[in-house]
*Asks:* 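What follows is a single structure, and I will ask about it in a moment.
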Amino acid sequence: MSDKKVRVRFAPSPTGPLHMGGVRTALFNYLFAKKHNGEFILRIEDTDQTRFVPGAEEYIIESLNWCGLTPVEGPGIGGEFGPYRQSERKDLYKKYADQLISSGWAYYAFDTPEEIDALRKEAEANKETFSYGIGTRENLNNSLKLSQEEVQQKLTSGEAYVIRFKMPEDTDVTEEDLIRGSVTFNTTKSLDDKVLFKSDGMPTYHLANVVDDHLMKISHVIRGEEWLPSMPLHVLLYKALGWEATKPRFAHLPLILKPVGKGKLSKRDGDKMGFPVFPLKWTDPQTGDISRGYREDGYFPEAFINLLALLGWNPGTDKEFFSLEELGELFSLERVVKSGSRFDPEKAKWFNKHYFQEKTVDELALLFKPVLKEKGVEAGDEKIAKVVAEIKERCEFVSDLWDQSYYFFEAPESYDEKTVSKRWKEDTPGKLSEISVLFESVSDWKAEAIKEAFSAFMNEKEWGFGVVMNPLRLSLVGGNMGPDLFVICELLGKEETIKRIQLAIEKIG
RNA sequence: GGCCCGUUCGUCUAGGGGUUAGGACGCAAGAUUUUCAUUCUUGUAGCAGGGGUUCGAAUCCCCUACGGGCUACCA
């Protein structure tokens with residue numbers, strides 16, 4: 001490996017919200033940079049103006065920020081290799097395309113999209129695939145076939161053209177992938193003459209990405225496996241442009257697959273199975289469709305990062321929880337697995353639960369307050385903290401806090417039917433009435449004291465604890481959930497506890 | 001179809017010639033909690049198939065099957 005400074009880039013296209021697979025690509029780039037004291041750069045690849053989606057770039061940047069993957073150079077940040085939006089670099093690419101033409105590595109092609117489409121359809125009808133390149137280019141409408149005069153005439157008359165790469169014949173292109181090892185492609189067998197420069201004056205991804213990586217001194221190209229088939233084209237482009245000596249190293253990451261079924265993870269899977277596939281909530285500006293996000297679903301960014309890091313990478317130890325900083329110290333491309341990973345939403349929850357449990361009661365109480373406000377509940381900080389302390393361990397998301405504790409803030413409106421039929425006997429109302437009388441007499445309303453009084457009373461009456469405790473819980477909570485019964489009594493307060501017992505006797509009967 | 005990449009418990013993975021094939025999620029059972037959850041313990045389950053190479057193959061090679069990606073004037 002060369003000893004030049006490590007500079008990596010995350011280069012998304014602003015065509016919509018960033019997929020969690022994209023976030024993982026960004027993460028691995030970021031970690032690789034951290035590991036090697038290098039630089040992590042954001043570059044927006046917006047060479048296709050027809051696919052521009054308003055808000056997508058902002059979404060990408062906000063997502064990276066939420067995850068803590070902050071670039072050192074990029075749009076809105078600056079840097080000495082800017083601009084970092086390809087649309088703003090438009091004027092820069094043409095000269096490289098021209099250079100390739102004069103050196104014989106590329107040519108003008110005047111075929112219209114309709115003509116190519118027709119050829120494609122024709123081939124399809126014969127169960128063949130049309131490929132513009134070796135074997136077909138000599139018979140098409142381009143500067144290889146046409147005379148110099150004809151080409152010149154078309155050019156000066158302003159006829160639309162594209163510039164295509166002239167793929168050399170029968171050449172084996174071998175390149176070392178940092179994850180997969182040596183990969184070889186034969187040009188004649190698998191490569192066509194890709195368009196480098198479009199008729200609208202913009203470069204395609206292939207040209208822009210090679211030119212920018214070179215100009216931005218990118219040392220390592222770390223991207224998804226879907227780019228592996230175009231690696232030989234890019235390698236050849238570096239050669240054709242005379243940049244072989246400083247060509248970056250390549251690493252192609254395995255894909256994230258659907259939890260069940262075939263194929264890579266898509267937006268639909270999330271909708272279908274009830275988990276987010278995007279880091280942040282996204283509202284489609286065209287259709288108004290809403291896609292849920294990890295952030296809005298209550299995941300902590302550290303959990304999201306942790307689960308993403310372990311999807312396709314592991315440190316070779318049994319350790320499973322890592323901070324972003326730890327990951328930056330441990331990461332290596334050698335330990336990235338080669339095969340695609342199925343995403344498991346259950347394990348994602350487990351990661352969040354871990355980080356949830358690691359939060360202090362005060363931190364969680366702070367997160368809980370806005371939820372309470374939204375529910376129209378007024379409660380003092382002290383009570384909120386006490387409640388959170390009691391129910392924390394049975395929650396894995398901030399949203400669970402309310403589900404597990406609403407009865408501390410408002411009396412149950414209904415009683416769980418199963419619990420009623422199982423625990424509420426004929427003599428229950430009578431027993432509970434006696435308990436409420438007993439509670440009236442408890443002067444020191446603390447869990448310990450209540451329990452003591454209750455136990456003494458139960459022993460004196462020779463009643464079974466379960467026979468009374470369960471319906472009592474039902475009266476206070478509305479179900480069979482919650483922490484220690486006497487703690488609930490204490491937090492509810494004497495008056496409210498007795499009120500709820502009487503309410504349950506009335507309502508259940 | 002063509003090209004390329006891949007294949008260890010249901011899932012994420014360790015292991016890279018000699019291992020009782022290890023861990024985690026999930027699931028199940030037990031313990032504990034006079035209740036629910038937590039927690040703890042135990043269990044469950046895997047080298048895609050077939051040929052080689054070798055004293056010995058999950059591990060190296062080949063074939064097959066299966067999975068995945070790409071095959072646009074999209075990235």
Side-chain angles (χ1 to χ4, degrees), chain A residues 11-15 45-48 50-51 86 109 111-113 116-117 120 123-124 127-132 160-164 177 179-181 183-186 188-192 194-206 208-209 223-232 252 254-255 257 259-260 262-264 307 310-321 335 337-351 353 357 390-395 404 419 423 455 458 464-474 477 479-485:
Chain A
S13 181
T15 54
E45 310 235 326
D46 55 351
T47 53
D48 185 358
T50 66
R51 294 214 304 163
Q86 288 182 330
D111 323 78
T112 64
I116 304 241
D117 214 43
R120 209 160 261 139
E124 221 171 286
K127 290 190 173 175
E128 283 164 6
T129 315
F130 171 74
S131 162
Y132 201 122
Y161 67 88
V162 299
I163 296 174
R164 286 183 181 269
D177 181 283
I179 294 170
R180 285 148 216 287
V183 183
T184 301
F185 296 82
N186 180 276
T188 299
K189 276 204 301 200
S190 53
L191 271 10
D192 59 354
K194 279 272 176 290
V195 171
L196 300 177
F197 200 83
K198 300 186 273 187
S199 56
D200 65 357
M202 279 291 223
T204 60
Y205 168 83
H206 296 108
N209 136 75
R223 78 234 292 196
E225 193 185 352
E226 69 267 28
W227 293 108
L228 192 55
S230 49
M231 177 167 71
H252 291 92
L255 266 19
L257 275 19
V260 293
K262 294 180 174 186
K264 62 177 175 180
L307 74 92
L310 257 30
L311 223 44
W313 174 86
N314 74 82
T317 63
D318 285 346
K319 193 170 152 73
E320 298 226 62
F321 299 114
R335 293 208 64 90
V337 300
K338 297 181 179 72
S339 50
S341 318
R342 264 185 207 282
F343 173 65
D344 180 1
E346 288 304 316
K347 198 152 186 177
K349 286 183 191 164
W350 175 75
F351 273 112
K353 179 178 165 187
Q357 295 304 330
E390 286 305 322
I391 57 158
K392 175 187 169 184
E393 64 187 20
R394 62 196 70 208
C395 298
Q404 292 292 339
T419 314
R423 306 291 195 188
S455 302
M458 293 298 284
F465 276 72
V467 175
V468 179
M469 280 179 86
N470 287 302
L472 181 53
R473 175 181 290 277
L474 181 66
V477 174
N480 65 345
M481 58 201 266
D484 181 83
L485 188 51

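All chains are named by letter (A, B, ...) in the order of the sequence lines, taking the proteins before the strands, and each is independently numbered beginning at 1.
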*Asks:* Under 4.0 Å, counting only non-hydrogen atoms across every strand here, what does A/Lys338 touch: a base, just sugar-phosphate, or nothing?
*Replies:*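 Sugar-phosphate, backbone atoms only, no base.
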
*Asks:* Indicate, with a heavy-atom threshold strictly under 4.0 Å, whether A/Arg335 touches base, sugar-phosphate, or nothing.
*Replies:*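 Sugar-phosphate: the residue A/Arg335, judged by heavy atoms under 4.0 Å, touches backbone atoms but no base.
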
*Asks:* Between P on B/U35 and CG on A/Leu474, what's the gap in Å once rounded to a whole number?
*Replies:* 16 Å

*Asks:* Between A/Val183 and A/Phe465, which has a closest nucleotide on RNA chain B that is more 5'?
*Replies:*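 Nearer the 5' end of the strand: A/Val183.
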
*Asks:* Roughly how many Å is it from CG in A/Leu311 to P in B/A14, rounded to a whole number?
*Replies:*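 Interatomic distance, CG of A/Leu311 to P of B/A14: 12 Å.
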
*Asks:* Counting only Watson-Crick or G-U wobble pairs whose two distances fall under 3.5 Å, which nucleotide matches B/U54?
*Replies:*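 Per the H-bond distance test, none.
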
*Asks:* Rounded to whole angstrom units, what separation is found between the CG atom of A/Leu307 and the P atom of B/U11?
*Replies:* 18 Å

*Asks:* List the atom of A/Ser199, the atom of A/Ala160, and the distance in Å for their closest heavy-atom pair.
*Replies:* CB-CB, 4.3 Å

*Asks:* Could you pick out which residue, A/Lys189 or A/Met469, lies toward the 5' side of RNA chain B when each is mapped onto its nearest nucleotide?
*Replies:*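 Result of the comparison: A/Lys189.
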
*Asks:* Mind checking if A/Gly224 touches a base, just sugar-phosphate, or nothing, with heavy atoms under 4.0 Å?
*Replies:*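 If one applies the 4.0 Å heavy-atom cut-off, A/Gly224 turns out to touch nothing in the nucleic acid.
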
*Asks:* Tell me the interatomic distance from A/Phe185, atom CZ, to B/C3, atom P, rounded to whole angstroms.
*Replies:* 12 Å

*Asks:* Nearest 0.5 Å, what's the NZ-OG1 distance between A/Lys189 and A/Thr184?
*Replies:* 10.0 Å

*Asks:* Identify all pairs in which a protein N or O lies below 3.5 Å from an N or O of nucleotides 23-31 of chain B, and state each distance.
*Replies:*
residue : atom : partner  : partner atom : Å
B/A24   : O4'  : A/Glu320 : OE2          : 3.0
B/A24   : O2'  : A/Glu320 : OE2          : 2.3
B/A24   : O2'  : A/Lys347 : NZ           : 3.4
B/A24   : N3   : A/Lys347 : NZ           : 3.1

*Asks:* Whether the side chain of A/Arg164 engages the backbone of A/Ala109 through a donor-acceptor N/O pair (distance < 3.5 Å, no angle test) should be reported.
*Replies:*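 No, the answer is negative, given that no donor and acceptor are paired below the 3.5 Å cut-off.
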
*Asks:* If I compare all heavy atoms of A/Arg180 with all of A/Lys338, which pair ends up nearest, and what's the gap?
*Replies:* NH1-O, 3.4 Å

*Asks:* Would you kindly give the CD-to-C1' distance between A/Glu393 and B/C40, to the nearest whole Å?
*Replies:*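 Roughly 13 Å, once rounded to whole Å.
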
*Asks:* Got a second to check how far A/Asp192's CG is from A/Lys194's NZ, nearest 0.5 Å?
*Replies:*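 That separation rounds to 3.5 Å.
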
*Asks:* Heavy atoms only, 4.0 Å cut-off, all strands: where does A/Gly482 land among base, sugar-phosphate and nothing?
*Replies:* base

*Asks:* Can you check the distance between B/G50 and B/A14, where both ends of the measurement are the P atom (answer in whole Å)?
*Replies:*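 Their P atoms lie roughly 24 Å apart.
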
*Asks:* Identify whether any heavy atom of A/Thr184 sits under 4.0 Å from a base atom; if not, whether one sits that close to sugar-phosphate; answer base, sugar-phosphate or nothing.
*Replies:* sugar-phosphate

*Asks:* Whole Å only: how far is the CG atom of A/Asp484 from the P atom of B/A37?
*Replies:* 15 Å

*Asks:* When you measure from the side chain of A/Glu45 to the backbone N and O of A/Ala208, does any donor-acceptor pair fall under 3.5 Å?
*Replies:* no

*Asks:* Taking atom C1' in both B/A57 and B/C12, compute the distance separating them and give it to the nearest angstrom.
*Replies:*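 Rounded to whole Å, the distance is 25 Å.
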
*Asks:* Within less than 4.0 Å of OP1 or OP2 of B/U13, is there a side-chain N or O belonging to A/Asn314?
*Replies:* no

*Asks:* So A/Val337, base contact, sugar-phosphate only, or nothing? Heavy-atom distance under 4.0 Å.
*Replies:*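 Answer is sugar-phosphate: A/Val337 comes under 4.0 Å of backbone atoms only.
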
*Asks:* Test for a donor-acceptor pair under 3.5 Å between the base of B/C36 and the side chain of A/Arg394, counting only N and O atoms.
*Replies:*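 Flag set: donor-acceptor pair detected.
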
*Asks:* Quantified in whole Å, what is the P atom distance between nucleotide B/U38 and nucleotide B/C25?
*Replies:*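 The answer is 13 Å between these two P atoms.
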
*Asks:* Go along nucleotides 58-75 of chain B 5' to 3' and tag each nucleotide: B for a protein heavy atom under 4.0 Å from its base, S when only backbone or sugar atoms are that close, - otherwise.
*Replies:* ---------SSSS-SBBB

*Asks:* Tell me which nucleotide, if any, is Watson-Crick or G-U wobble paired with B/U59 when both distances must be under 3.5 Å.
*Replies:*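 Answer to the pairing question: none, since B/U59 forms no Watson-Crick or G-U pair.
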
*Asks:* Quick one: do A/Lys264 and A/Glu226 make a salt bridge, cutoff under 4.0 Å?
*Replies:*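 Salt bridge flag = no for A/Glu226 with A/Lys264.
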
*Asks:* Are A/Lys198 and A/Thr204 side-chain neighbours, meaning at least one heavy-atom pair lies under 4.5 Å?
*Replies:*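 SC-SC contact between A/Lys198 and A/Thr204 confirmed.
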
*Asks:* What is the pairing partner of B/A28, taking Watson-Crick or G-U wobble pairs with both distances under 3.5 Å in any strand?
*Replies:*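 Partner of B/A28: B/U42.
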
*Asks:* Is B/A14 paired to anything, Watson-Crick or G-U wobble with both distances less than 3.5 Å, and if yes, which nucleotide?
*Replies:* none

*Asks:* With both distances under 3.5 angstrom, what nucleotide forms a Watson-Crick or G-U wobble pair with B/U7?
*Replies:* B/A65

*Asks:* Roughly how many Å apart are B/G51 and B/U59, using the P atom of each and rounding to a whole number?
*Replies:*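 Result for the P pair: 14 Å, nearest Å.
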
*Asks:* Rounded to whole angstrom, note down the P distance from B/G15 over to B/U7.
*Replies:*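 Each nucleotide's P atom is 13 Å from the other's.
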
*Asks:* Do A/Arg473 and A/Asn480 get their side chains close enough for a donor-acceptor pair, meaning under 3.5 Å?
*Replies:* no

*Asks:* Once you round to the nearest 0.5 Å, how far does CG of A/Leu474 lie from CG of A/Asn470?
*Replies:* 9.0 Å

*Asks:* Taking atom C1' in both B/C74 and B/G16, compute the distance separating them and give it to the nearest angstrom.
*Replies:*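 B/C74 and B/G16 have their C1' atoms separated by 39 Å.
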
*Asks:* Work out how far the P atom of B/G2 is from that of B/C63, and round it to whole angstrom.
*Replies:* 15 Å

*Asks:* In whole angstrom, give me the gap between the C1' atoms of B/A65 and B/A29.
*Replies:*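 Rounded to whole Å, the distance is 38 Å.
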
*Asks:* Compute whether any side-chain donor of one residue and acceptor of the other, for A/Asp111 and A/Tyr132, lie under 3.5 angstrom apart.
*Replies:* yes

*Asks:* Look only at the side chain of A/Lys353 and the backbone of A/Cys395, and say whether a donor-acceptor pair between them is shorter than 3.5 Å.
*Replies:*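 Between the backbone of A/Cys395 and the side chain of A/Lys353 there is no qualifying donor-acceptor contact (under 3.5 Å).
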
